[in-house]
There are 4 protein chains.
Amino acid sequence: MTVTIPSQVKDPELLRTRRAQIVQAAVPLFSEKGFHKTTTRELARASGMSIGALYEYVQTKEDVLFLVCQHIHQEVESQLRVSLSEHTSVVVRLRLAIEAFLRVMDRMQADVLLIYQESKSLPEPYLKEVLAHETRITQVFEQLLREGVQDGSFRLRPGEEILLAHTIVVAGQMWAFRRWALKAVAFEDFAAAQVDMLMNAALPVAERDAP
Amino acid sequence: MTVTIPSQVKDPELLRTRRAQIVQAAVPLFSEKGFHKTTTRELARASGMSIGALYEYVQTKEDVLFLVCQHIHQEVESQLRVSLSEHTSVVVRLRLAIEAFLRVMDRMQADVLLIYQESKSLPEPYLKEVLAHETRITQVFEQLLREGVQDGSFRLRPGEEILLAHTIVVAGQMWAFRRWALKAVAFEDFAAAQVDMLMNAALPVAERDAP
Amino acid sequence: MTVTIPSQVKDPELLRTRRAQIVQAAVPLFSEKGFHKTTTRELARASGMSIGALYEYVQTKEDVLFLVCQHIHQEVESQLRVSLSEHTSVVVRLRLAIEAFLRVMDRMQADVLLIYQESKSLPEPYLKEVLAHETRITQVFEQLLREGVQDGSFRLRPGEEILLAHTIVVAGQMWAFRRWALKAVAFEDFAAAQVDMLMNAALPVAERDAP
Amino acid sequence: MTVTIPSQVKDPELLRTRRAQIVQAAVPLFSEKGFHKTTTRELARASGMSIGALYEYVQTKEDVLFLVCQHIHQEVESQLRVSLSEHTSVVVRLRLAIEAFLRVMDRMQADVLLIYQESKSLPEPYLKEVLAHETRITQVFEQLLREGVQDGSFRLRPGEEILLAHTIVVAGQMWAFRRWALKAVAFEDFAAAQVDMLMNAALPVAERDAP
DNA sequence: AATGAATGAGCATTCATTCAT
DNA sequence: CATGAATGAATGCTCATTCAT
């Protein structure tokens, strides 16, 4: 929100496209080799520019990591928001949101993993911003839960909306960072089980579904 | 299966104590600065030995990381196993196991986080071993679920035991890696909510509890 | 003898004013940060032109340093020459010249220091020219001494005119490069002492003044 | 006095000899190419060690410059002090001190020049220390002047001791940094002229000597 | 076994200069 | 003439690992 990476380059259009190039090139590199083992030279080469050019659009290697995290979060958030339905029932809306989120996690496995494993290399202000974005995504669910509690659709202990919202997000991300253990599980089965569990955690006993 | 780190040193007792020293010193360093930003010199100094000595007990810096992960996992596993009850009801035994595991996660927050953030720096064979250990821990829950399904205490879709076991573990670890977001939540509230949600995911409808 | 810096630009008037801009901007930068730590980008920005434009009026960064040295020397020389009196007595004329020179040194402290500290970064031909200019300034005093020796006003060992002329110049410059040590000394006291010492070095014993 | 450069190396004897090696190698390099144009790799090679080794004895390139300046000043100071006579007359002692100092300046021309041209590249605390050392050298003359004033051998305006001491030092250093202009002058002539001028600046009229 | 000095490949970053527009 | 994006060689410095003692 507040953090902006300075650049020598004046043309904002060019700045946007070049940084997009850099992010495009950096994601697979960071994903495969990790942030520390990726060199700026590799970054430059993969971005199709010279090191000098790279450093016109970015001030440090950490800036690239930040751009990458920001980009991934924006993608996740926008894909999640686009799928938010207009259905009148919060219950339905939450279920659809969770399902949509799980599908986003499925599609963006590698990227989610990247954020989990590399964000600790971010300088403080960047990290703060990245966590703020993560919070923003969580708040989508928190908001739905809060609505449902207010109209009586959901029954939660006071203040539990935040905790459950985070549980939802983590339950989705788990598909990415437990990939090695869940290779035998079909996404549809994973999704069905998580949706059930999470919805039941919000619904009053009477409304719960069983498999 | 079990990877063993070679050493120049013959005396196995000495080997054990010195490596314990190294692990002891490495955990806080890796936790605070991360694996890559910790130097071998810092490692040696914090271990109370010279670099030369350090390299008598270890062959690479990655070895230290592996020792650390191994140590943490052993600690988690032993603490978890020690708390497994002899109660006749699987339902009770699972609930107690989950509660015990959550408490371990609470106690070992920093260490859990360390494994999450640094294990990708492990060389392939080490990583495999670490994941195997993680699996072993998960299997504690998988086993309980399987028992419960067999005696009719739990009702799960076929093959869902693995998935739910991982969900339990992740739900616990989340207390460590979502610390930044859950600072306002009391551990007891967190534990109560997770236990309810996870038990309800295993129990047949009739047996479920509501808050 | 006179080194000329080539330029792409045809209009000599424009060339002059733009180079003046550059010198104007460069003096404080070189003074504060030194030649090596001043970047061409800073030079361009401070000159109010683009790097591209800068390089139309100059061929290398060293060119700028040369222009700066040249400008400072011209300033020193012209201020010195302007103050040369028409008095009939060489003794009076030398004393006035020394006093004038010391005042110039006082006014141009920072610039004198700049030449002392940075001129060794000049490429050979430029350095030669700068030293030639320094010589030209020294010759003002050498000439006066020679006149005085010829008409018997001064008494010097054969060939000592050059040495004493340099001593005069250095005694003045010292006000600039010993600034850090002479902060407590008032300029008037400094000037009085130096003039006395230097004049007495030229005058025959009988004519000497004591404080 | 206060500034000490840290080192990884523990053996103080080794530290001393290796740093001496570095200084030995650095002086001609800095003298010829200047501080900025000398690379750490050149420094290492000329010192007969690897870059890694160099950086065990020094923390930055600036440290080397500081060591060099320190070494030169120590040399100047010790050579000056060693030549201070025990003669009963301050007048004689000052004259001998000036002569000795001029001879030191003659022997150490290149080194004196080095300090003049490169010390501005020193980080603040180092620069301060170097100037303090320069002051210490100046105080040798200041002290003699003060003694002479007290016993009536010298006659100076109040407070002029400091100024004249600096003038003496600069008059000597000038032999180094005006080398290019004084090539035709014999050292003995230079020395004779400066000693006369400087002594006469301190002596009361009656005692003055004429060439 | 222990020490710690030595090695040097490797890295992030800078900056004078060029050149297409 | 002016602009400013692009280039890439060069630089200071780090750090895992080795090895003579």
Side-chain angles (χ1 to χ4, degrees), chain A residues 7-11 14-15 18 36-45 48-64, chain B residues 7-11 14-15 18 36-45 48-64, chain C residues 7-11 14-15 18 36-45 48-64, chain D residues 7-11 14-15 18 36-45 48-64:
Chain A
S7 165
Q8 320 289 353
V9 175
K10 299 183 175 175
D11 179 354
L14 185 60
L15 183 62
R18 287 284 203 246
H36 279 106
K37 293 207 174 154
T38 302
T39 68
T40 51
R41 269 184 261 277
E42 290 172 313
L43 241 21
R45 195 174 320 124
M49 40 182 112
S50 64
I51 319 177
L54 179 71
Y55 273 89
E56 298 246 332
Y57 297 100
V58 127
Q59 300 211 309
T60 66
K61 198 181 152 192
E62 278 77 17
D63 284 358
V64 179
Chain B
S7 165
Q8 324 292 351
V9 177
K10 306 292 171 197
D11 179 352
L14 185 58
L15 185 62
R18 287 286 206 235
H36 279 106
K37 292 206 175 155
T38 301
T39 68
T40 50
R41 274 202 251 279
E42 288 171 313
L43 242 21
R45 194 173 322 126
M49 43 183 107
S50 65
I51 318 178
L54 179 72
Y55 271 87
E56 301 246 331
Y57 299 100
V58 127
Q59 300 211 309
T60 67
K61 196 180 153 193
E62 278 76 18
D63 284 358
V64 179
Chain C
S7 164
Q8 322 292 351
V9 176
K10 307 291 170 194
D11 179 353
L14 185 58
L15 184 62
R18 287 287 206 234
H36 278 105
K37 292 205 175 154
T38 302
T39 68
T40 50
R41 274 200 252 280
E42 289 172 311
L43 242 20
R45 195 174 321 124
M49 45 183 105
S50 64
I51 318 177
L54 179 72
Y55 272 87
E56 301 247 334
Y57 298 101
V58 127
Q59 299 210 307
T60 67
K61 198 180 151 191
E62 278 77 18
D63 284 358
V64 178
Chain D
S7 164
Q8 319 290 350
V9 174
K10 299 184 177 174
D11 179 353
L14 185 59
L15 184 62
R18 287 283 203 245
H36 280 105
K37 293 208 173 151
T38 302
T39 69
T40 52
R41 269 181 262 276
E42 288 171 314
L43 240 19
R45 195 173 320 124
M49 40 183 112
S50 64
I51 319 178
L54 178 71
Y55 274 91
E56 298 245 334
Y57 297 99
V58 127
Q59 301 210 306
T60 65
K61 198 182 152 192
E62 277 78 17
D63 283 358
V64 178

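Lettering of chains follows the sequences in order, A, B, ..., and the numbering in each one begins at 1.
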If each of Met49(D) and Met49(B) is mapped to the nucleotide of DNA chain E with the nearest heavy atom, which maps nearer the 5' terminus, i.e. the 5' end? Met49(B)
Nearest-nucleotide 5' precedence on DNA chain E, Asp11(B) against Asp11(D): Asp11(B)
Closest heavy-atom pair and its distance - [X], [Y]:
| X | Y | answer |
| --- | --- | --- |
| Lys61(D) | His36(D) | NZ-O, 3.5 Å |
| Thr40(C) | Leu54(C) | O-CD2, 3.8 Å |
| Glu42(A) | Lys37(A) | OE1-O, 3.6 Å |
| Leu14(D) | Tyr57(D) | CD2-OH, 3.5 Å |

Determine: side-chain N/O of [X] to OP1/OP2 of [N], distance under 4.0 Å, yes or no.
| X | N | result |
| --- | --- | --- |
| Arg18(C) | dA2(F) | yes |
| Thr39(D) | dT11(F) | no |
| Arg41(C) | dT14(E) | no |

Over all strands shown, is Gln8(C) touching base, sugar-phosphate only, or nothing at heavy-atom distances under 4.0 angstrom? nothing
Give one of base, sugar-phosphate or nothing for Thr38(A), where a contact means two heavy atoms less than 4.0 Å apart. sugar-phosphate
Neighbours of DNA chain E within residues 52-62 of chain D, by heavy-atom distance under 4.0 Å: Gly52(D), Ala53(D), Glu56(D), Tyr57(D)
Is there a Watson-Crick or G-U wobble partner for dA6(E) with both distances under 3.5 Å, and if so, which one is it? dT17(F)
Rounded off to whole Å, could you give me the CG-to-P distance for the Asp63(B) and dA16(F) pair? 13 Å
To the nearest angstrom, how far is Ile51(C) atom CD1 from dC15(E) atom P? 12 Å
What's the spacing between Asp11(D) CG and Leu15(D) CG if we round to 0.5 Å? 8.0 Å
